[in-house]
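The structure appears below as structure tokens.
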Amino acid sequence: MKFAVCVFPGSNCDYDTYYVIRDVLERDVEFVFYNEKDLSRYDCIILPGGFSFGDYLRPGALAAKTPLAEAVYESAQRGKFVIGICNGFQILTELHLLPGALLPNLNMRFICKDVFLRVENGETPFTREFDRGDVLRIPIAHHDGRYYVSEAELKEMEERGQILFRYVDTEGKPTESANPNGSVSNIAGVMNKEGNVFGMMPHPERASEDILGSHDGLMLWYSLISE
């Protein structure tokens, strides 16, 4: 599996993601820049965290208008794996490759801390190495991470198994106090209905080695390469 890590002006987790794929997973990976138009040589495309184009207008809005974003959209339509982390998740919703939107955190502040996630669906290409109900500790760092979808759309997503991670407490319960940004139904990560595009606000690349304080994000990467 050959990976691409997308780079927009303002991306700041691109090297972290590149490092995990190259040095931890020992897989082939290349950077691709915002003016790239051809992603045909890659099997999995990752949009990392950061502040693409300074988050002007709204997070991800300008990045979604680049040649690279058009190539990401076309790759997703052809069934290739696409992952958006934090700002990448915002870009994927701007491209309508994932349902919903990311709104400012309920307290209108930037939040940077470890949170706990519960695996809601362990039968996807992104979570197959987890069991449903597993609780992970992974950091977040965002100002606009409050996931929103309409009630009707949320019901359809639940029925299709598109919700992959929820914010929970240490006991695995999705309480209001465990929800760091006010996301609807404590949602932290979702998948498209076709099952090849995934986005999450927490940063698995920052929890992929013990030296970082947690390796709980590692199984997400292992899930992908076990395909």
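Just so you know, residue 1 is the first one in the sequence shown, and it goes up from there. Being a predicted model, the structure only gives us computed values, none of them experimental.
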| Are the side chain of Arg128 and the backbone N or O of Ser223 linked by a donor-acceptor pair below 3.5 Å? | yes
| query | Thinking salt bridges, do Lys193 and Glu156 make one under a 4.0 Å N-O criterion? | reply | no
| task | Kindly say whether Val29 contributes a backbone atom to a donor-acceptor pair with the side chain of Lys2 at under 3.5 angstrom? | result | no
| message | Closer than 4.0 angstrom, basic N to acidic O: yes or no for Arg137 and Asp114? | response | yes
| request: Report yes if the side chains of Leu97 and Asn192 come closer than 4.5 Å at any heavy-atom pair, otherwise no. | output: no
| task | Please work out which of the three classes, parallel, tilted or perpendicular, describes the rings of Phe81 and Phe126, given edges at 30° and 60°. | result | perpendicular
| said: Please determine whether a side-chain nitrogen of the Lys or Arg among Glu120 and Arg160 lies less than 4.0 Å from a carboxylate oxygen of the Asp or Glu. | reply: no
| task | Using only heavy-atom distances, determine whether the side chains of Glu176 and Asn179 contain a donor-acceptor pair under 3.5 Å. | result | no
| note | salt bridge (charged side-chain N to carboxylate O under 4.0 Å, His left out) pairs touching residues 92-102, sequence neighbours excluded, are Arg58-Glu94
| message | Taking the six-membered ring for Trp, are Phe8 and Phe33 closer than 6.0 Å centroid to centroid? | response | no
| said: When you compare the side chain of Val72 with that of Leu39, does any pair of heavy atoms fall below 4.5 Å? | reply: yes
| message | When you compare the side chain of Leu154 with that of Ser185, does any pair of heavy atoms fall below 4.5 Å? | response | yes
| said: To check you understand the geometry: which heavy-atom pair defines the closest contact between Asn181 and Asn105, and what is its length? | reply: CB-OD1, 3.3 Å
| query | Charged N to carboxylate O under 4.0 angstrom, Glu123 versus Arg132? | reply | no
| task | Search all heavy atoms of Ile85 against all heavy atoms of Pro202 and return the closest pair with its distance. | result | CG2-O, 3.5 Å
| said: Give me the atom names and distance for the closest heavy-atom approach of Arg146 to Pro104. | reply: NE-O, 2.9 Å
